[in-house]
Amino acid sequence: MQLPAHALILLFLWIILNFRIWIIFLYAYLAIIFGAFAYEIFVAWRYKRERVYAKEAHRLMLLLRNMIDNAFIYDENPAKFHSKFLEMVSVESLRAHGIIDPDALLRTPKYNRTCKELRCEDAELWTFLMAGFSSRELKIIYGLTNLNSVYVKRNRLKKRLNKKMQELLVDRNF
């Protein structure tokens with residue numbers, strides 16, 4: 001007994017449609033598996049980021065508590081408080097508290113591609129400038145007595161930077 005031609009066509013279409021449905025189910029299953037895997041990666045990344053932020057916040061709180069302690073201890077002696085304050089906001093103190101880390105900046109691919117020749121001191125200054133610190137603020141942080149010294153540091157840094165970075169500095173009113 002021979003099947004009619006339309007029955008063979010219908011059987012062939014049914015096989016193709018079932019195959020397509022199975023392919024769709026396979027794609028949906030893979031999408032679910034990939035989504036779950038991507039979600040696990042995102043959760044781990046977010047947890048790590050939150051731990052880093054918590055450590056940074058803890059460091060800043062310790063520095064703030066030290067400043068408040070000094071304000072209480074040297075309440076009767078403003079000159080001594082001023083000298084302790086300058087000591088606490090110096091580059092060395094900020095580096096010791098982990099607030100600035102020029103090595104971390106130099107390890108980032110974006111800056112490493114364009115600023116290979118920067119030293120750690122240059123990276124620190126670059127970090128402050130990109131954060132928007134003024135020359136007056138930098139004078140205090142670096143413990144300089146003359147504001148012109150800050151301008152000299154900035155100009156020397158500008159000469160060391162290549163053209164890509166100088167364009168960024170123009171945007172920041174360097």
Side-chain angles (χ1 to χ4, degrees), residues 34-35 37-174:
F34 178 74
F37 181 67
Y39 178 75
E40 289 296 323
I41 290 173
F42 172 73
V43 167
W45 172 77
R46 189 176 66 190
Y47 177 71
K48 182 180 177 183
R49 189 183 64 189
E50 287 173 357
R51 281 194 334 229
V52 168
Y53 288 152
K55 284 181 182 180
E56 290 176 9
H58 181 69
R59 286 186 204 134
L60 292 173
M61 291 305 248
L62 284 177
L63 182 64
L64 180 63
R65 289 182 77 188
N66 287 340
M67 288 182 181
I68 292 170
D69 284 344
N70 283 338
F72 181 76
I73 292 170
Y74 301 111
D75 190 28
E76 302 295 323
N77 191 351
K80 185 71 172 172
F81 173 73
H82 184 259
S83 68
K84 285 290 186 181
F85 174 78
L86 291 178
E87 182 182 306
M88 293 189 85
V89 296
S90 69
V91 173
E92 294 82 19
S93 176
L94 296 175
R95 199 180 303 129
H97 281 86
I99 294 172
I100 57 171
D101 186 8
D103 294 331
L105 176 70
L106 292 173
R107 285 190 302 265
T108 59
K110 175 183 176 185
Y111 295 107
N112 200 10
R113 271 184 268 129
T114 53
C115 298
K116 292 178 185 172
E117 65 276 356
L118 283 184
R119 301 173 301 170
C120 284
E121 296 83 20
D122 295 334
E124 284 173 354
L125 181 59
W126 170 258
T127 304
F128 287 128
L129 291 172
M130 288 296 104
F133 280 79
S134 69
S135 295
R136 289 178 17 202
E137 294 164 336
L138 292 173
K139 176 185 170 283
I140 299 296
I141 290 172
Y142 281 103
L144 302 171
T145 56
N146 190 352
L147 195 56
N148 287 334
S149 301
V150 175
Y151 292 118
V152 169
K153 277 180 161 292
R154 290 171 71 150
N155 285 331
R156 286 182 183 160
L157 175 64
K158 198 172 184 178
K159 288 178 185 176
R160 286 188 194 105
L161 294 174
N162 63 25
K163 291 183 181 185
K164 288 181 187 176
M165 296 310 260
Q166 286 181 8
E167 290 170 5
L168 286 175
L169 293 176
V170 168
D171 294 339
R172 296 268 187 160
N173 295 326
F174 186 77

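Numbers here are sequence positions counted from 1. Values reported hereafter were calculated over all heavy atoms of this structure, with side chains retained and with hydrogens, waters and symmetry mates removed.
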Kindly compute the distance separating CG (L125) from CZ (F133), expressed to the nearest 0.5 Å. 11.5 Å
Judged by atom type as modelled, is there a donor-acceptor pair below 3.5 Å linking the side chain of S93 to the main-chain atoms of S90? no
With sequence neighbours excluded, residues passing side chain to side chain donor-acceptor pair (under 3.5 Å) with S135: R154
Shortest non-hydrogen contact between V89 and M67, atoms and distance: CG1-CE, 3.5 Å
All side-chain contact (heavy atoms from CB on, under 4.5 Å) counterparts of L86, not counting sequence neighbours: H82, I140
Given 3.5 Å as the limit, does a donor-acceptor pair link the side chain of E50 with the main chain of Y47, or not? no
What's the spacing between T145 OG1 and K139 NZ if we round to 0.5 Å? 7.0 Å
Any residue meeting ring-ring contact (aromatic ring centres under 6.0 Å, His included) with F81, in chain and number order, not counting sequence neighbours: none
May I ask you to establish whether K153 and Y142 are in a cation-pi arrangement, using a distance under 6.0 Å from NZ or CZ to the six-membered ring centre and at most 45° from the ring axis? yes
Would you mind reporting whether E92 and E87 have side-chain heavy atoms less than 4.5 Å apart? no
Note: M88 and N70 closest approach over all heavy atoms is SD-ND2, 3.0 Å
Taking everything shown except R136 itself, do over 12 heavy atoms lie less than 6.0 Å from its CZ? no
Roughly how far, to the nearest 0.5 Å, is NE2 of H58 from CZ of R65? 8.5 Å
Would you give the length of the straight line joining atom CD of E121 to atom CG of L157, rounded to the nearest 0.5 angstrom? 11.5 Å
Mind running side chain to side chain contact (heavy atoms under 4.5 Å, CB included) on R156 and K159 for me, showing each step along the way? CA-CA 5 Å; R156 286 182 183 160; K159 288 178 185 176; 5.7 Å; no
L94/L63 under side chain to side chain contact (heavy atoms under 4.5 Å, CB included): CA gap, chis, key distance, verdict: CA-CA 9 Å; L94 296 175; L63 182 64; 4.1 Å; yes
First locate atom CG of L144, then atom OH of Y151, and finally report the distance between them rounded to the nearest 0.5 Å. 12.5 Å
Could you go through L129 and L138, starting from their C-alpha distance and side-chain angles, then the distance that decides it, and tell me whether this counts as side chain to side chain contact (heavy atoms under 4.5 Å, CB included)? CA-CA 9 Å; L129 291 172; L138 292 173; 3.7 Å; yes
